[in-house]
Amino acid sequence: MKALYLTVALIFLTVSAAWGQSDTLKKLANYSGPAADYEKMLHEGAKKEGKVVWYTSLGGKSWKTIKAEFAKKYPDVKIEVYRAGSKDISSKAFAEAKAGKHLADATETTPGIMQLFREAKITMPYTSPEHKRWPDEHQIKAKSGGVWWVTDRESFIGLGYNTKKLSKEQAPKSFDDLLNPALKGKIVMSILSTGDRMIGTMLKVKGREYVEKLKAQEFKLAKISGTATRDLIISGEFLASPSVFRNHALVKINEGAPLGWNALDEVPTNAGGSSLFRNAPHPHAALLLINFVLNEGQQILQKFYYGMAWKDYPFKRVYPERGLSASQYNKKLKEWNKLLRAIGRRG
Amino acid sequence: MSRDQAALDGSGTATGGSRTFLDIFRPSRQGRDYPLWLFIPCALALLYLVVPPLVFIIYTSFVPSMDSGIIGLTFHNFFNIFESLAQFETLVWNSLVFSVGSAFWALLFGTVMAWLAERTNAPFRMVAYVAAFVSFAVPGLIKVIGWILLLGPEAGFINLSVKWLIGYGPIFDIFSMSGMVLVEGFLWTPIVFLLMATPFRSMDPSLEEAAVVAGSTDWQVFWKVTFPMATPSVLSVLILTFIRSLEAFEIPALVGLPAGIEVMTTQIYLELSEGYIPEYGNASAYSVLLIGVVGLCLWPYYRVTQHAHRFTTITGKGFQPRRKDLGRWRWLGGLALLGLPALQLLPLTALIWASFMPYLIVPSWEALSLFTFNNYVEAFSDDKILRSIMNNLTISIVSATACVGVAFITAWLVTRSAIKWRWTLDRLTMIPLVFPGIVMGVAVLQTYLTVPIPVYGTIWIMVIAFSARYLPYAMRFSHAGLIGIHKELEESATTSGASWGNVARKIMIPLMMPALFAGWIYIFLITIRELSVALLLYSPGSEVISVVIWELWENGAVGTLSAFALGISVGTVLIASLFYKLSRSHGLDVR
């Protein structure tokens with residue numbers, strides 16, 4: 001019954017989405033011409049469209065650099081960015097779909113919501129000459145042809161700690177180490193999806209009993225991004241956080257900030273990708289931006305220490321959304337969020 | 001045929017003796033000519049602003065969530081809430097402790113300072129007044145972030161300084177209920193100060209003098225005479241502060257959540273962000289409950305303010321309130337009054353430091369080497385940040401003008417016309433008072449996601465929400481302005497043949513200008529501060545200042561945030577001063 005209800009809602013969104021889809025967008029999304037003409041064609045069209053609206057959950061300064069470099073390369077295409085956590089992006093996109101107000105063109109975000117967008121037909125598959133460079137297993141292909149997204153970066157969630165207040169030896173290296181009484185009240189965790197995914201991973205690895213024990217550690221919760229959590233650790237306000245991204249930490253570690261980063265038992269991984277909105281009001285500009293992210297954007301993301309799906313890293317990566325349908329994952333996420341809030345709740 | 005009847009006939013809506021639907025608007029015999037078409041559009045505008053959000057929030061509270069498996073309307077969302085009764089009780093308890101604590105804290109601070117400023121010879125009273133007025137112009141969110149930088153347990157500047165001085169710390173942890181109460185109380189102190197200064201200034205000293213002559217000590221005079229006379233003001237300010245704290249969002253979100261303390265407003269916000277698909281049903285059910293609580297609290301507020309005339313402190317007699325000579329304690333009183341500007345400046349100093357640092361770092365000689373202007377460059381070259389300023393100016397100007405315009409006409413009809421159903425206008429304007437900001441956000445969002453009026457994704461959805469939310473305040477300003485103008489003036493003009501339009505243009509508006517202008521400035525400034533409504537309604541391209549600050553905080557860009565926040569604070573203070581000077585130069589006293 002629940003599935004039926006969700007399906008009805010998704011069908012409603014699908015039908016309404018299909019009505020609004022433009023022919024130009026369909027044609028562009030199925031492009032099969034020579035790679036050399038692709039960018040030129042998109043740029044010409046984008047110039048006429050004037051702007052592109054990009055929803056992204058990329059953190060730190062990476063999205064700003066992509067925005068700036070895109071604006072530098074295509075000064076005649078204005079880029080407007082909505083940068084938020086993946087849950088906020090999802091809320092916004094669903095609200096807009098419901099209102100029939102299509103503002104967004106493209107998104108670069110995490111797989112959980114891209115899966116949901118795919119099922120609700122908020123996004124659509126597309127082809128791009130850039131996709132050839134991606135290994136098959138990192139392309140999320142559509143049955144009807146094209147790909148929903150390719151994994152264009154990976155972000156790893158682990159433990160950030162202040163090196164002035166915790167030595168390398170003292171810093172937790174496993175989930176069990178988080179139960180150290182010396183850390184009571186000194187750990188902060190984000191209650192955005194970053195924190196939820198870490199709780200989901202802890203549940204999978206250590207079980208519910210372990211997670212409930214964390215309540216005694218008096219975790220402090222904050223509705224802030226991974227970057228903000230990292231900065232709170234650097235400032236010394238908190239000693240450590242198991243919701244810090246490795247790439248964000250490396251940026252500051254290389255700047256000399258008093259910060260360290262450890263992988264814990266398993267590392268929840270956000271395998272991000274770029275999706276095209278089904279009712280993108282600026283289709284040429286949307287694909288031009290996606291093309292840019294898959295091309296020059298890759299160098300920028302690597303400069304900000306994002307991981308690559310096909311590279312090896314000295315820790316075990318896990319993908320909490322894998323093997324779950326979009327609605328199952330959404331339900332799980334809510335459970336993890338409830339559990340996280342219960343851990344942090346006083347009284 | 002009476003003049004009233006003629007007016008109605010003139011509009012073609014009522015005739016002779018037969019009763020029609022529109023007869024309910026027919027003026028009584030004492031009424032004057034107010035065209036019916038003024039009443040109807042006014043009522044329609046109010047209905048449009050106020051009713052849909054209320055209807056939609058109630059309706060949505062009965063709509064089940066997608067994964068509940070229920071089809072049709074249901075009490076499921078309310079059952080959900082009461083199912084985890086212990087959690088709900090904790091929420092209510094936290095909300096009450098926070099609101100009562102903040103209200104008492106602000107009342108204590110504000111009242112003592114108002115008494116020092118108005119009834120003693122303590123110096124620096126003008127400094128305290130300037131600080132209190134300036135506090136309106138600086139967004140509360142900015143101050144909250146400043147206080148976090150000052151009172152964070154491990155890296156707060158005050159805690160670290162004290163630890164460095166006495167070797168012990170932290171002396172205070174802002175991430176606690178007491179931290180929430182302290183900061184909310186600080187935010188309300190200037191407003192309580194201004195509200196309490198008026199009754200202290202206006203009290204008839206003869207009663208106190210009589211008590212002194214009868215041999216009462218200073219304490220007895222205060223306890224038996226001064227305090228009882230101020231009781232209605234104290235009670236109304238207490239209830240008002242309590243309600244506004246109950247509705248508060250910024251402090252519970254920024255200070256309460258890290259402390260593991262959730263209140264009703266944060267619960268509503270978090271309900272929307274538990275999963276990827278927002279659950280409006282649960283959030284709406286919490287909203288309806290909160291509306292009920294606020295409504296219940298407003299009732300005693302009206303009871304108190306209704307009977308305020310029994311405690312009249314302003315009479316026809318001219319007098320100068322007695323100022324108590326504090327003797328050698330005078331300077332201590334002055335020092336206490338300097339607390340008011342200190343409360344405004346302290347959080348800003350923390351932001352000044354952060355604005356020159358590349359990342360959040362505590363003050364030290366070592367940190368000085370990192371000094372940079374980059375945050376200012378980044379803040380004021382970002383097109384989104386600059387756009388938010390333009391958006392906010394447009395939204396604030398339009399909302400303030402719409403509110404004051406509608407409220408002026410409504411107040412005029414309510415107080416001067418004799419249309420039978422005029423009281424409905426008054427009640428309609430008061431409905432938004434029960435909507436906390438976050439609830440108004442959810443309600444307006446639900447409304448415009450459902451009705452086919454294309455304002456979602458534009459700044460106009462915020463104009464509508466702000467206009468609805470601040471209508472009651474505009475109404476109070478207009479009402480207060482109107483009751484100070486005697487009917488004789490209008491009657492003389494009407495008798496001399498002036499139309500209602502001329503009466504409005506040449507008599508009422510000029511005479512009411514100070515009240516209308518004060519209301520306009522108040523709404524203009526408060527809409528620049530507003531976060532909770534905007535947070536749910538903005539879209540890319542329609543960001544406002546408070547939302548940008550919130551986003552910068554959420555993304556850890558404290559340096560850019562500080563630079564932007566300081567720029568905004570200077571800007572709003574300058575705008576407020578400019579308005580104040582403008583009003584003075586035109587002979588308007590908007591205090």
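The sequence lines fix the lettering, A, B, ..., with proteins before strands; numbering per chain opens at 1.
For A:Glu237, the parts lying near chain B are the backbone and the side chain together; criterion is any non-hydrogen pair under 4.5 Å. Only the side chain of B:Thr458 comes within less than 4.5 Å of a heavy atom in chain A; its backbone stays farther off. Contact of B:Leu270 with chain A is made through backbone and side chain together, with heavy-atom distances under 4.5 Å. Within the 4.5 angstrom heavy-atom criterion, atoms from both the backbone and the side chain of B:Trp553 approach chain A. In this structure, the portion of A:Leu103 lying under 4.5 Å from any heavy atom of chain B is its side chain and not its backbone. Residue B:Glu378 touches chain A through its side chain alone, counting heavy-atom pairs closer than 4.5 Å. Neither the backbone nor the side chain of A:Val188 comes within contact range of chain B; no heavy atom of the residue lies under 4.5 Å from a heavy atom of that chain. Contacts of A:Lys64 with chain B are made by side-chain atoms alone, with heavy-atom separations under 4.5 Å and no backbone atom involved. Only the side chain of A:Lys67 comes within contact range of chain B, with at least one heavy atom under 4.5 Å from a heavy atom of that chain. When heavy atoms are compared at a cutoff of 4.5 Å, B:Tyr359 approaches chain A solely by way of its side chain, counted from C-beta outward. Proximity to chain B (any heavy atom under 4.5 Å) is shown, for A:Glu96, by both the backbone and the side chain. With a threshold of 4.5 angstrom between heavy atoms, A:Ile191 approaches chain B through side-chain atoms but not through N, CA, C or O. Both the backbone and the side chain of A:Arg83 have a heavy atom closer than 4.5 Å to some heavy atom of chain B.
Looking only at distances, a side-chain donor or acceptor of B:Thr447 sits under 3.5 Å from a matching main-chain atom of B:Ala443. With hydrogens and angles ignored, the 3.5 Å screen pairs a side-chain donor or acceptor of B:Asn159 with a backbone N or O of B:Phe172. Formation of a donor-acceptor pair under 3.5 Å by the B:Asn391 side chain with backbone atoms of B:Val544 is not found in this model. Proximity of a side-chain donor or acceptor of B:Thr450 to a complementary backbone N or O of B:Gln446 within less than 3.5 Å is detected.
With chain B as the partner, the residue from A:Trp336, A:Tyr55, A:Phe219 showing the most heavy-atom pairs under 4.5 Å is A:Tyr55. By number of non-hydrogen pairs under 4.5 angstrom with chain B, the leading residue of A:Asn337, A:Asp88, A:Leu221 is A:Leu221. Among B:Pro258, B:Gly556, B:Gly457, the residue with the largest count of heavy-atom pairs under 4.5 Å with chain A is B:Pro258. Note: A:Ser225 leads A:Ser225, A:Ser190, A:Pro258 in heavy-atom pairs under 4.5 Å with chain B.
Taking 4.0 Å as the cut-off between side-chain N and carboxylate O, A:Glu321 and A:Lys332 do not count as a salt-bridged pair. Ion pair A:Lys252/A:Glu255 flagged as a salt bridge, since at least one NZ, NE, NH1 or NH2 atom sits closer than 4.0 Å to an Asp/Glu carboxylate oxygen. Of the charged side-chain nitrogens involved, at least one lies within less than 4.0 Å of a carboxylate oxygen, so that A:Asp196 and A:Lys87 count as a salt-bridged pair.
Atom CG of B:Leu257 is separated from atom NZ of A:Lys223 by 9.0 Å, given to the nearest 0.5 angstrom.
Between B:Tyr276 and A:Phe94, a ring centre-to-centre spacing not shorter than 6.0 Å is recorded.
Both cation-pi conditions hold for A:Lys92 and B:Tyr538: the charged atom is under 6.0 angstrom from the six-membered ring centre and inside a 45 degree cone around its axis.
Closest approach of B:Phe380 to B:Leu386, counting heavy atoms only: O-CD1, 3.8 Å.
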